[in-house]
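Here is the structure we will look at, set down as structure tokens.
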Amino acid sequence: MSTESAPIANNFLRSIIEEDLKNGKHSTIITRFPPEPNGYLHIGHAKSICLNFGLAKDFGGRCHLRFDDTNPAKEELEYIESIKESVAWLGFEWGEHLYYASDYFEQLYQWAEHLIKSGKAYVEDLTAEEIRAHRGTLTEPGKESPWRNRPVDENLDLFRRMREGEFPDGSKVLRARIDMASPNMNLRDPVLYRILHATHPHVGDKWRIYPMYDFAHGQSDAIEGITHSICTLEFEGHKPLYEWFLDNLPVPSRPRQYEFARLNLTYTVMSKRKLHELVSSKTVSGWDDPRMPTLMGIRRRGYTPDAVRTFCERIGVGRSDSWIDMSILEECVREDLNEHAPRVLAVLRPIKVVIDNYPEGLVEEFEAANHPQKPEMGSRKVSFSRELFIEEDDFMEQPPKGFFRMTPGIEVRLRYAYIVRCTGVVRDVNGNLLEVHCEYDPASRGGSAADGRKIKGTIHWVSAGHSVDAEVRLFDRLFGDPNPDRGGADYKQFLNPDSVEILPAAKVEAGLAGADIETRYQFERLGYFRPDPVDSSDGKPVFNRIVTLKDTWSKK
RNA sequence: UGGGGUAUAGCCAAACGGUAAGGCAACGGACUCUGACUCCGUCAUCUCUUGGUUCGAAUCCAGGUACCCCAGCCA
């Protein structure tokens with residue numbers, strides 16, 4: 001975990017907590033991250049995780065991980081495991097505070113009976129369609145159900161029989177008896193329980209009725225003693241209901257809900273439905289495709305937890321809808337990796353270079369720094385010989401103005417090795433470039449000219465006989481448009497056709513043959529890469545490009 | 001045309017009646033054996049808008065405008 005102490009930006013949640021602590025409303029704070037295990041976590045969840053766990057940590061409180069598992073029709077064990085893994089990967093610990101809303105089902109059930117007994121809930125016989133028709137619209141009040149004034153005893157009897165499994169799915173629901181004319185739709189007698197003959201991923205076949213989110217969330221918070229229940233903006237309209245339950249039930253504590261704006265990121269999509277579509281249509285290779293905004297994808301790509309946390313810190317938190325530019329996320333990884341990634345030489349699109357005046361058969365070894373700014377990271381030896389590979393982009397026969405890489409007649413430095421001058425090229429009958437020929441300056445051993453002359457360009461290389469083959473996967477943004485989600489149009493039309501490019505014949509320095517799967521490298525002058533954790537092997541290394549280096553040259 | 005929210009630079013975001021922080025981006029320059037990194041400098045007379053209160057307003061008041069959320073037995 002990074003120890004840099006960047007000043008913590010103030011935000012409205014911190015202000016509220018500071019105030020609550022100062023005036024004694026709370027002596028400690030307890031937050032919670034409450035995912036529904038119905039899918040994999042994405043970068044938007046990371047914002048919530050960092051907020052909840054981060055706030056708790058900063059103020060000396062704690063944060064619970066609680067699965068909001070009230071809908072067995074959509075939830076799976078696999079998601080529970082994956083979510084735990086992702087939260088842990090991000091660097092947060094819930095310790096013993098792992099909870100499931102489903103563990104509170106008995107208590108919730110008792111509270112439902114409590115509402116029935118106090119005349120504040122009733123069993124509804126209307127169908128889903130009828131309920132909808134009775135609900136009214138945004139501008140018209142709803143109509144009361146004919147079952148709204150059922151006697152308490154009958155409600156109790158029916159509700160108990162619902163629990164016993166006497167009725168089929170959808171035949172009845174339990175509703176709160178609040179106000180069918182409320183301007184807040186959430187208060188028009190919301191459904192509390194529905195009948196679902198389904199096996200639950202956590203509690204199995206214990207229940208035939210399941211509470212709705214609204215009836216479970218606030219009470220779960222109260223049971224756990226949550227002080228600050230932080231959720232996204234769309235739940236704001238639910239707050240009056242959240243509080244209605246706390247007011248009308250003998251709950252053990254009084255949590256308070258606060259809302260913040262969810263994360264929107266440019267050049268990607270975040271909705272579960274669309275992410276699902278990308279996977280099922282095979283547009284991407286899976287939930288962990290390195291282009292996906294899922295935490296699994298980001299992780300496989302090579303992003304570090306530190307970078308993601310920095311990102312969440314940097315974007316701040318507010319209550320206005322906002323779109324964060326993808327470049328901020330990218331900059332966060334660069335910052336982290338620039339600091340920690342060992343440097344290495346790799347050639348993605350090799351072209352052959354022959355140094356005509358270099359002795360045939362001679363092999364020299366040069367000392368290359370693992371991190372030029374950090375001598376403590378040590379160095380390694382790289383082999384040099386008469387035949388090398390350099391980057392296709394680093395050679396031009398007729399360069400534009402300002403090009404200071406390899407070009408006929410001009411000296412260029414081969415990083416850590418020698419200064420060379422291109423003397424010509426060899427082409428095949430079709431005009432394809434076969435080889436670039438050079439002459440080297442023997443007095444520039446190590447890369448510095450004996451006479452101190454300045455060499456403008458330095459390029460990376462790899463010895464033909466001392467490098468290993470590798471596959472390199474270049475990832476780019478999944479969408480070509482900053483807002484693929486934007487209204488109306490089909491987001492798929494904005495898919496970036498070049499979001500992945502496979503380079504099957506890259507050459508990397510020999511030391512990378514058995515590269516550690518968890519090590520992120522900087523391929524000098526190219527970007528940051530890491531071995532793909534699923535496809536890479538010692539025999540055939542596969543590298544994922546995490547992010548490019550900034551490139552002020554290609555921009556011009 | 002119901003209710004609930006939100007408007008500060010290209011993108012985020014501070015400010016709590018006392019004279020517009022910070023980050024990212026951008027632009028200029030220095031340095032450089034990575035066109036990277038690092039470093040220096042520039043970047044809102046102004047806070048959606050129109051009025052009002054005040055010695056003083058992004059902050060308070062009144063009226064507009066724009067955008068977001070709510071009519072699942074989803075969360």
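Every heavy atom of this structure was used, including side-chain atoms; hydrogens, water molecules and symmetry mates were not. In what follows, chains carry the letters A, B, and so on, assigned in the order in which the sequence lines appear, proteins first and then strands, with residues in each chain numbered from 1.
Counting to the nearest Å, the C1' atom of rG35(B) and the CD atom of Glu524(A) are 13 Å from each other. Protein atom CD of Glu313(A) is 12 Å distant from nucleotide atom P of rA14(B), rounded to whole Å. In this structure, the OH atom of Tyr416(A) is 16 Å from the P atom of rU32(B), given to the nearest Å. Ile324(A) places its CD1 atom 14 Å from the P atom of rA25(B), with the value rounded to the nearest Å. Protein atom CD1 of Ile16(A) is 12 Å distant from nucleotide atom P of rA14(B), rounded to whole Å. Atom CG of Asp325(A) is separated from atom P of rA13(B) by 14 Å (rounded to the nearest Å). Distance CD (Glu18(A)) to C1' (rA14(B)): 13 Å, rounded to an integer number of Å. Distance, Leu345(A) CG to rA36(B) P: 18 Å, rounded to whole Å.
Nucleotide rG18(B) forms a pair with rC55(B), judged by Watson-Crick or G-U wobble geometry with both contacts under 3.5 Å. Across the strands present, rA66(B) finds its partner in rU6(B); the criterion is a Watson-Crick or G-U wobble pair with both atom distances under 3.5 angstrom. Remark: rU42(B) base-pairs with rA26(B). Criterion, Watson-Crick or G-U wobble with two distances under 3.5 Å. The partner of rC74(B), taking Watson-Crick or G-U wobble pairs whose two distances both stay under 3.5 Å, does not exist in any strand shown.
A donor-acceptor contact shorter than 3.5 Å links the side chain of Glu391(A) to the backbone of Arg349(A). A donor-acceptor distance shorter than 3.5 angstrom exists from the side chain of His197(A) to the backbone of Phe167(A), with no hydrogens or angles considered. In terms of modelled atom types and a separation under 3.5 Å, the side chain of Glu140(A) and the main chain of Thr137(A) share no donor-acceptor contact. With hydrogens and angles disregarded, a donor-acceptor distance shorter than 3.5 Å links the side chain of Asn11(A) to the backbone of Arg14(A).
When the P atom is used for both rG22(B) and rU49(B), the distance is 23 Å, rounded to whole Å. Look at the P atom in both rC37(B) and rC24(B): the space between them is 11 Å, to the nearest Å. When the P atom is compared between rG5(B) and rA9(B), the two are found 23 Å apart, to the nearest whole Å. Distance check on atom C1': rC11(B) versus rA25(B) gives 7 Å, rounded to whole Å. Of the P atoms belonging to rC61(B) and rG18(B), the separation is 16 Å, rounded to the nearest Å. Here, rA15(B) and rU38(B) have their P atoms 28 Å apart, quoted to the whole Å. Remark: the separation of the P atoms in rG52(B) and rC12(B) is 32 Å, to the nearest Å. Nucleotides rG17(B) and rG56(B) are separated by 8 Å at their C1' atoms, to the nearest Å.
Scanning atom types as modelled, one donor and one acceptor separated by under 3.5 angstrom connect the side chain of Gln373(A) and the base of rA36(B). Remark: the Gln522(A) side chain and the rU34(B) base include a donor-acceptor N/O pair separated by less than 3.5 Å.
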>> As a quick check of understanding, evaluate ring pair (Phe, Tyr, Trp, His ring centres under 6.0 Å) for Tyr242(A) and His238(A), giving each step before the final call.
In response: CA-CA 6 Å; Tyr242(A) 181 101; His238(A) 293 244; 10.0 Å; no
>> Within the 4.0 Å limit for protein heavy atoms, which parts of nucleotides 65-75 of chain B are touched? Write it as a string from 5' to 3', B for base, S for sugar-phosphate only, - for none.
In response: ---SSBBSBSB
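Counting any heavy atom pair closer than 4.0 Å across all strands shown, Arg413(A) reaches a base atom. Ser448(A) comes within 4.0 angstrom of a nucleotide base, judged by non-hydrogen atoms across all strands. Contacts of Phe403(A) with the nucleic acid, taken as non-hydrogen atoms under 4.0 Å apart, include base atoms. Counting non-hydrogen atoms under 4.0 angstrom, Gly142(A) reaches nothing in the nucleic acid.
Taking for each of Glu236(A) and Arg343(A) the nucleotide of RNA chain B with the nearest heavy atom, the 5'-most of the two is the partner of Glu236(A). Where Ser322(A) and Pro372(A) meet RNA chain B, the nucleotide closest to each residue was compared, and Ser322(A) sits on the side nearer the 5' end.
With rA14(B), rA13(B), rA36(B) as the candidates, the nucleotide lying closest to the side chain of Ser320(A) is rA13(B). For Glu335(A), the listed nucleotide lying nearest its side chain is rC24(B); candidates were rA36(B), rC24(B), rC12(B).
One finds a side-chain N or O of Thr552(A) lying less than 4.0 angstrom from the OP1 or OP2 phosphate oxygen of rA36(B). For Lys550(A), a side-chain nitrogen or oxygen approaches OP1 or OP2 of rA25(B) to under 4.0 Å. OP1 or OP2 of rG35(B) has at least one side-chain nitrogen or oxygen of Arg525(A) nearer than 4.0 Å. The side chain of Asn10(A) contributes an N or O atom lying less than 4.0 Å from OP1 or OP2 of rA15(B).
Using a 4.5 Å heavy-atom cutoff, the side chains of Ser48(A) and Ile230(A) are not in contact. Under the 4.5 Å side-chain criterion, counting only non-hydrogen atoms from C-beta, Gln219(A) is in contact with Leu108(A).
Glycosidic conformation of rG29(B) is anti; the angle lies outside 90° of 0.
At a threshold of 4.0 Å, the pair Asp485(A)-Lys274(A) counts as salt-bridged, since one of the basic side-chain nitrogens sits closer than that to a carboxylate oxygen. Taking a cutoff of 4.0 Å between a charged side-chain nitrogen and a carboxylate oxygen, Glu236(A) and Arg319(A) qualify as a salt bridge.
When His276(A), His45(A), Glu78(A) are each tested for a side chain to side chain donor-acceptor pair (under 3.5 Å) with Tyr40(A), only one passes: Glu78(A).
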